[in-house]
Amino acid sequence: MSASKSKGKGRALTGAVLAIALTAVLCGIYALLVKNGKCTQEHSDIVISAAMALSVLIASAVSNIGQRRGGLYGLALGLIYAAALVAVPLFAYPTEVNWLRIIRIFAVSAVSGLIGGSINLGKSNKNFHKGRKKRA
């Protein structure tokens, strides 16, 4: 098995873990801003949705560098991320289910993962690396 095939197997799961970590950092920063009085809590749903979208977008773009099926793996990353994000509150509070919020989490995560995976960061640097090898 070549190195590129074995590297690609856990890319969606690794990206989902990265997205969860990025979301935790962004939501922590927002919580500190609210605590110190710099921001209000009025628009917290919008800020949290934007933090989720940005986290999944960055994680899927980074984890799918130079891959062919980046959009598909980005979509998988978004769905894994959303499932992990929804599973914890569902197990903790099974009687208080807000289906509209769950659908929004899945939609935002899936679309962000698809877009982030389709960006394909490695392809844009291909000509730069070819020129650099010729000069050396």
Side-chain angles (χ1 to χ4, degrees):
M1 186 177 274
S2 70
S4 64
K5 286 186 181 179
S6 64
K7 181 182 174 186
K9 288 191 176 188
R11 138 179 95 201
L13 189 60
T14 305
V17 171
L18 178 64
I20 290 171
L22 285 172
T23 303
V25 168
L26 290 175
C27 288
I29 291 170
Y30 177 66
L32 286 174
L33 289 173
V34 169
K35 180 182 173 188
N36 292 331
K38 304 291 182 190
C39 293
T40 61
Q41 203 174 6
E42 293 173 356
H43 306 291
S44 63
D45 285 342
I46 296 170
V47 172
I48 291 172
S49 293
M52 288 183 337
L54 186 64
S55 298
V56 173
L57 185 92
I58 291 170
S60 64
V62 168
S63 66
N64 292 318
I65 291 176
Q67 300 298 324
R68 275 193 200 160
R69 298 181 193 167
L72 182 64
Y73 285 112
L75 180 65
L77 182 149
L79 293 176
I80 291 170
Y81 169 81
L85 209 62
V86 167
V88 174
L90 277 180
F91 288 131
Y93 306 105
T95 57
E96 299 177 18
V97 178
N98 188 346
W99 291 107
L100 187 59
R101 186 170 286 166
I102 291 172
I103 290 170
R104 185 178 66 204
I105 289 171
F106 271 97
V108 166
S109 301
V111 169
S112 298
L114 187 65
I115 293 170
S118 299
I119 290 174
N120 199 359
L121 295 173
K123 192 173 186 178
S124 62
N125 292 329
K126 196 173 189 178
N127 291 333
F128 172 74
H129 290 296
K130 279 184 181 180
R132 204 168 120 203
K133 286 180 183 178
K134 288 180 184 177
R135 284 184 246 142

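The structure presented is a predicted model; accordingly, all values stated were derived computationally and were not measured.
- Under the side chain to side chain contact (heavy atoms under 4.5 Å, CB included) test applied with Ser63, the options Leu77, Leu18, Thr14, Val17 reduce to a single match, Leu77.
- A donor atom on one side chain and an acceptor atom on the other are not found under 3.5 Å apart for Ser112 and Tyr81.
- Nearest heavy atoms, Ser118 versus Gly71: OG-CA, 3.7 Å.
- Side-chain contact between Leu54 and Leu22: absent, with no pair of heavy atoms (C-beta onward) separated by less than 4.5 Å.
- Under the 4.5 Å side-chain heavy-atom criterion for grouping Ile, Leu, Val, Met, Phe, Trp and Tyr, Leu57 is not connected to Leu75 through any hydrophobic cluster.
- Hydrophobic clustering keeps Val47 apart from Leu32 (ILVMFWY residues linked when any side-chain heavy atoms are closer than 4.5 Å, directly or through intermediates).
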Working note: Leu85 + Ser109, criterion side-chain contact (heavy atoms from CB on, under 4.5 Å); need CA distance, chi angles, decisive distance, verdict.
CA-CA 10 Å; Leu85 209 62; Ser109 301; 5.5 Å; no
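- Looking at every heavy atom in both residues, Ala16 comes nearest to Ile80 through CB-CG2, 3.7 Å.
- Of all heavy-atom pairs between Gly15 and Ala59, the closest is O-CB, 3.3 Å.
- A continuous path of ILVMFWY side-chain contacts below 4.5 Å connects Trp99 to Phe106, so both sit in one hydrophobic cluster.
- The OG1 atom of Thr23 lies 10.0 Å from the CD1 atom of Ile48; values are rounded to the nearest 0.5 Å.
- Side-chain heavy atoms closer than 4.5 Å link hydrophobic residues (I, L, V, M, F, W, Y) into clusters, and following such links, even through other members, never connects Val56 to Leu26.
- Nearest heavy-atom pair, Ile20 versus Ala84, reported as atom, atom and distance to 0.1 Å: CD1-CB, 4.0 Å.
- Within the 4.5 Å cutoff, the side chain of Val111 has heavy atoms near those of the Ile115 side chain.
- Between Tyr30 and Thr40, the closest heavy-atom pair is OH-O, 3.0 Å.
- Of all the heavy atoms in Ser60 and Gly113, the pair that sits closest is OG-O, 3.4 Å.
- With values rounded to the nearest 0.5 angstrom, Lys38 atom NZ is found 15.0 Å from Ile29 atom CD1.
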